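Reviewing the structure listed below.
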Amino acid sequence: MVAPTGRADTTVGHGELVKAVEQALTAHGRALITGPAGAGKTELAAAVAAAAEARRETVLTLAPEAADRWIPEASAAALLASVPCAALERLSGPQRTAIALLRREADTPRAGRDHVALRLAVVEVLRTLAERSPVLLVLDNAQWLDPETVDLLRFALRLTPPGVRVLVAECVQGGTPVAEPLSGPGTPAVRIPPLGADEVAELLVRHGLPARIAGRVHQASGGNPRLALALGRSLAEAAGNRDGGAHHADTLPLSGQAREVARRLLAEAPAEARRTLLLAALAARPTTALLRRAGRPDAEAELAEAERAALVTVGEDGTVAFTAGALPMALAADAGWPERAAGHAALAAAVDDPVQAVRHRALAVDAPDEWLAAEITRAAAVCRRRGQRALAAELGLLAAERTPADRPGDELARLVAAAEDAGWAGRADLARRATRAVLARDASPSDRVRSRLAVIDAAGQALGTLDETFAHAMDEAEGDPALQAAVQLRVAWKHNLSDGDPVRSRDAAAEAGRLAALGGDTTAEAMALTVRARMGRILGDPDAEDILAEALALPAPEVPLGMRNAPQYLAVRHALFDDRLDDARRQLLVLLPAVQRTGSAEDVFEVLRSLTEVEQRRGRCRVASAHARRALELTIEAGLSPGPAWYVAAMAEALGGSFARAAGYARRGIQASEEEHDQVFLSRSLYALGLVELATGEAAKAVATLRRVAELEAAQQVVDPSVLRWHGELAEALVAADAPEAAAELIDEVRAVAAALDRAPVLAALDRARGLVLSAHGDAAAAVELLRDTAARFEGLGLPVEHGRTLLALARVERRRRRRAPARTALRTAAEVFARAGAKPWAELAGEGREPVPAEAGPAVALAALTGAEARLALLVAEGASNQEAAAKLFVSVKTVEARLTRIYQKLEVRSRAQLATALRIR
């Protein structure tokens, strides 16, 4: 009954909760932790206990198990067994005897003990301990305390001195709470909330699980840490048994520990409520009214019990939503076929949507029926028109299963259609299932290729794991130019996303276009031209715009391969790259409702991503953040590759939210993109992280991160600097890291390309960095003139955040040459620009009126005479670092440290390290 060891660490997101618990203990002497099973109550209590032990408090921990509830005074015995022997010395004879008898419970009948002496003994022990140091009594799993121990502790805690604080952790969902008798009425309760999607990602990464599955795990677990870990492990294990690894859109396997955790959660609801919950689990859109019509007249009362157990939420309109996606999966899996069939039959008669009625009728039987199969096929077509492609895929598979054996042609057609719907919807699990069925039949090469392409289309960013699928598709498409063109198009996408090779991507697209023309497929031809134009822009090809115009001129009434691959969308991206922001925004607002109608989650995500980037550059950071949130929610809901969404979220936070949150999202994006071999968004997430590190004064880290971006972009042969604008940031980071010569070299190299391609915003960013280089070289007057001119250019280009950043740089230079008034004016103007743009973290930087320095540096380093790089070195040296140690920490040479330290001594008019420490108030 001691606290269990070896448990999974599920303390992600508990930092603020620990503070809340400690505040409650300080103010009231009592605190209660509540939450569902698996929420992390034990881990939170352990964290509070560890903090108390670090303060040299005496901590007594009692953690009974379920079986202990039925053993009288078992928990009391365990508690007293953990008390130090020294605390028993002051006990009277009867009290010692009572404790001794309790410890030998098996030898002595309970009726023969002196219970008064035992109660007084517990009081005396707690008093003795409290005289030596503060005491924290942690009662974990309080719901499993036996009634006799509860009674004993209730008596003892009423008489204990203020030096004894009590923390109770209890799961109160289905049973009678015991916390109030132990902690007293009015005790502050801290309920553990579910983890967010990013916290689930952090939890998975901590335990060596892939971050890319975080969205699906969060949805299935509802943010319950124990269930999330169990689901993550189940998916990782299932992936290990499949070639190609796990994919983000897989249906999570509910087996082993995950199923047991879900069952324990469901057990908190009474049996009748669970029957109603099963019906809700089988329904697509459950409501209380639907459940009543389906034969559960007491649905409201039963759902209220389930809601108290934190299993569902019931909206004002009666809509029922499970708190974790694994719960309806567990209910359905544990129900027998007769019970499920009866539930579907009842729902078929109760729903008002004809498509759902057909679905339920199909699930209520398991025998072939051509009439029913045809009806399901028609329902799938309706879903396709509605944009409900995932539901269309599910119905297509159902139709194939209900097709009689004497109609193999119909069955095959339904399987291929299901595969293509699944590919469109990004449902890799359904696409693979349908494709396996197609390949197991006597299918034509065309059907086989179409099914394999669906698997590729469902893979999202993770194309690098599908080499075998590509090889089979290319072999089976031989002799059919249209099919070959379709395969070559996917090859072109793979070369760009997974291989980071735009030249091979462009060449594959050219071959796809040639084959599409031979096969008479104008849509595929337009798509191939679009890839060529996209790669041409990356490679700095001046003909890229002409190729895009050629693609736009082709008739393309439908976009079967997704709007994100269409020339219309690439035209928007080019407008964004060129900072024709009003044009880009206008076109995107036309595309958004169109892609929402098609049912392609990836298309909707792409439009939201571009809207986020457009609004950020226009200086509408709050609107951009709203688009980013929708993009992230869509990614989680649809199970898309999370790397792109985390990049979008990182940039939204970096400009309009919080630098700390931005760094967290960027690291998630890096992890997910590395796992999926997505070179494109790996570069972007690294860029987001480097921007945050630059803004927060971590110059050495920013240089290292942005150099990784440079290496990736070079490996991908990216020429056009307007596509991902990392160049100016790296140059600024190099200046801050005391490497102005390297910054100047980079600026000159990129300037030549940007000037040749007429990329005005890139040139302005380079000039901002060049102004800082001039300042570092001692030419402050030229730096100020250039930065003023650059700020005006950014303002004229309609790029407010860049305008404000340039004013920050100007203020820095002015302050270093001891011109306080112009520096204050520039800072004030920058703060106003950022405030109007909603660029919250940047407005805070401007409002602080100082150059960003590492958080650990503290306010003592904000000395006007020092640069950021000098400030960081000064702090290290003042704290006792040798020149060699400082050089290692700052990623510079010892010679650089010596030269920089000489300048610091001169500026601060000190002669020794001791005087430097005094000047910086370091003790």
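Keep in mind it's a predicted model, so treat the numbers as computed, not measured. Sequence positions, counted from 1, serve as the residue numbers for this chain. For the numbers below, each heavy atom of this structure counts, side chains included, while hydrogens, waters and symmetry mates do not.
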**Complete:** Closest heavy-atom pair, L706 versus A733, reported as atoms and distance to 0.1 Å, is CD1-CB, 4.4 Å

**Prompt:** Below 4.5 Å, heavy atoms only, C-beta onward: do T705 and Y687 meet side chain to side chain?
**Reply:** no

**Any D546 side-chain heavy atom under 4.5 Å of D543 side chain** = yes

**Request:** Go through the structure and list residues passing side chain to side chain contact (heavy atoms under 4.5 Å, CB included) with V590, not counting sequence neighbours.
**Result:** none

**Message:** Using 0.5 Å steps for rounding, measure from the CG atom of L763 to the NE2 atom of H727.
**Reply:** 11.5 Å

**Request:** Decide yes or no for L576 and L581: does some side-chain heavy atom of the first lie under 4.5 Å from some side-chain heavy atom of the second?
**Result:** yes

**Asked** Are side-chain heavy atoms of E732 and L694 found at a separation under 4.5 Å?
**Response** yes

**Prompt:** Do the side chains of L901 and E898 get nearer than 4.5 Å, heavy atoms only?
**Reply:** no

**Item:** SB check D582 R585 (cutoff 4.0 Å)
**Value:** no

**Fill in**
In L691, L724, I670, the residue satisfying side-chain contact (heavy atoms from CB on, under 4.5 Å) with L686 is I670

**Fill in**
Sorted by chain and number, sequence neighbours left out, ring pair (Phe, Tyr, Trp, His ring centres under 6.0 Å) with F659 holds for W842

**Complete:** What one should report as the nearest heavy-atom pair of P721 and L757 is CD-CD1, 4.1 Å

**Complete:** With sequence neighbours left out, the residues meeting salt bridge (charged side-chain N to carboxylate O under 4.0 Å, His left out) with R609 are E606, E613

**Asked** Strictly by modelled atom types, are S610 and Y569 linked by a side-chain donor-acceptor pair under 3.5 Å?
**Response** yes

**Request:** Show your reasoning for whether side chain to side chain contact (heavy atoms under 4.5 Å, CB included) applies to R770 and L786.
**Result:** CA-CA 8 Å; R770 191 158 66 91; L786 178 58; 3.8 Å; yes

**Message:** Looking at every heavy atom in both V692 and A662, which two are closest together, and how far apart are they?
**Reply:** CG2-CB, 3.7 Å

**Message:** As a quick check of understanding, evaluate salt bridge (charged side-chain N to carboxylate O under 4.0 Å, His left out) for D579 and R759, giving each step before the final call.
**Reply:** CA-CA 9 Å; D579 289 288; R759 307 297 188 232; over 6 Å; no

**Complete:** So OG1 of T790 and CZ of R793: to nearest 0.5 Å the spacing works out to 4.5 Å

**Shortest non-hydrogen separation from L730 to V703 and the atoms involved** = CD1-O, 4.0 Å

**Message:** Can you confirm whether E832 is buried at CD, in the sense that more than 12 heavy atoms of other residues, nucleotides or ligands lie under 6.0 Å from that atom?
**Reply:** yes

**Request:** Answer yes or no: is there a side-chain heavy-atom contact under 4.5 Å between Q717 and V503?
**Result:** yes

**Residues D578, R537; criterion salt bridge (charged side-chain N to carboxylate O under 4.0 Å, His left out); working and verdict** = CA-CA 11 Å; D578 294 336; R537 176 78 186 224; 2.7 Å; yes

**Request:** Mind listing the closest non-hydrogen atom pair of I747 and L766 along with its distance?
**Result:** CD1-O, 3.9 Å

Taking distance alone, no hydrogens or angles, what donor-acceptor pairs closer than 3.5 Å link side-chain atoms of residues 620-627 to residues at least two apart or in another chain?
| residue | atom | partner | partner atom | Å |
| --- | --- | --- | --- | --- |
| R620 | NE | E615 | OE1 | 2.9 |
| S625 | OG | C621 | O | 3.0 |

**Asked** Would you say the side chain of V833 lies within less than 4.5 Å of the side chain of R836, judging by non-hydrogen atoms?
**Response** yes

**Prompt:** Should Q679 and D501 be marked as a side chain to side chain contact (heavy atoms under 4.5 Å, CB included) after you check the CA-CA gap, both sets of side-chain angles, and the distance that decides it?
**Reply:** CA-CA 9 Å; Q679 303 301 299; D501 193 335; over 6 Å; no

**Fill in**
To the nearest 0.5 Å, atom CG of L589 lies from atom CG of L611 at 5.5 Å

Hey, can you pull the donor-acceptor pairs under 3.5 Å for the side chains in residues 796-808, sequence neighbours left out?
| residue | atom | partner | partner atom | Å |
| --- | --- | --- | --- | --- |
| E802 | OE1 | R768 | NH1 | 3.0 |
| E802 | OE1 | R768 | NH2 | 2.9 |
| R805 | NH1 | E729 | OE2 | 2.6 |
| R805 | NH2 | E729 | OE2 | 3.2 |
| T806 | OG1 | R768 | NH1 | 3.2 |
| T806 | OG1 | E802 | O | 2.8 |

**Prompt:** Residues two or more places apart in sequence or in another chain: which of them pass salt bridge (charged side-chain N to carboxylate O under 4.0 Å, His left out) with D748?
**Reply:** none

**Message:** Tell me every residue that passes side chain to side chain contact (heavy atoms under 4.5 Å, CB included) with V784, counting only those two or more places apart in sequence or in another chain.
**Reply:** R788, L810, V813, E814, R817

**Request:** Check R913 against S882 and note the closest heavy-atom contact, atom names and distance.
**Result:** NH1-CA, 4.3 Å

**Fill in**
Applying salt bridge (charged side-chain N to carboxylate O under 4.0 Å, His left out) to E674 and not counting sequence neighbours gives R708

**Asked** R828 side chain to A846 main-chain N or O, any donor-acceptor pair under 3.5 Å?
**Response** no

**Message:** If the condition is salt bridge (charged side-chain N to carboxylate O under 4.0 Å, His left out), which residues does R824 pass it with, not counting sequence neighbours?
**Reply:** none

**Asked** So L734 and E745, side chain to side chain contact (heavy atoms under 4.5 Å, CB included) or not? Walk me through it.
**Response** CA-CA 11 Å; L734 287 166; E745 184 179 343; over 6 Å; no

**Item:** Minimum side-chain heavy-atom gap W646-S685 below 4.5 Å
**Value:** no

**side chain to side chain contact (heavy atoms under 4.5 Å, CB included) evaluation trace for L570 with L548** = CA-CA 8 Å; L570 183 60; L548 177 56; 3.9 Å; yes

**Item:** Atom pair OG/NE2 of S722 and H574 - distance to nearest 0.5 Å
**Value:** 8.5 Å

**Item:** Pairing residues for A715 by the side chain to side chain contact (heavy atoms under 4.5 Å, CB included) criterion, not counting sequence neighbours
**Value:** none

**D678 side chain vs V680 backbone, donor-acceptor pair below 3.5 Å** = yes

**Complete:** d(T829 OG1, F834 CZ) to nearest 0.5 Å is 11.0 Å

**Request:** State which residues pass side chain to side chain contact (heavy atoms under 4.5 Å, CB included) with A744; sequence neighbours excluded, sorted by chain then number.
**Result:** V773

**Message:** Show, in sequence, the C-alpha distance, side-chain angles and deciding distance for S673 and Y647, and conclude whether the side chain to side chain donor-acceptor pair (under 3.5 Å) test is met.
**Reply:** CA-CA 10 Å; S673 296; Y647 158 69; over 6 Å; no

**Asked** What distance do M535 atom CE and N496 atom CG have between them, rounded to the nearest 0.5 Å?
**Response** 3.5 Å

**Request:** Could you list all the side chain to side chain donor-acceptor pair (under 3.5 Å) pairs where at least one residue sits in residues 648-666, not counting sequence neighbours?
**Result:** E653-R661

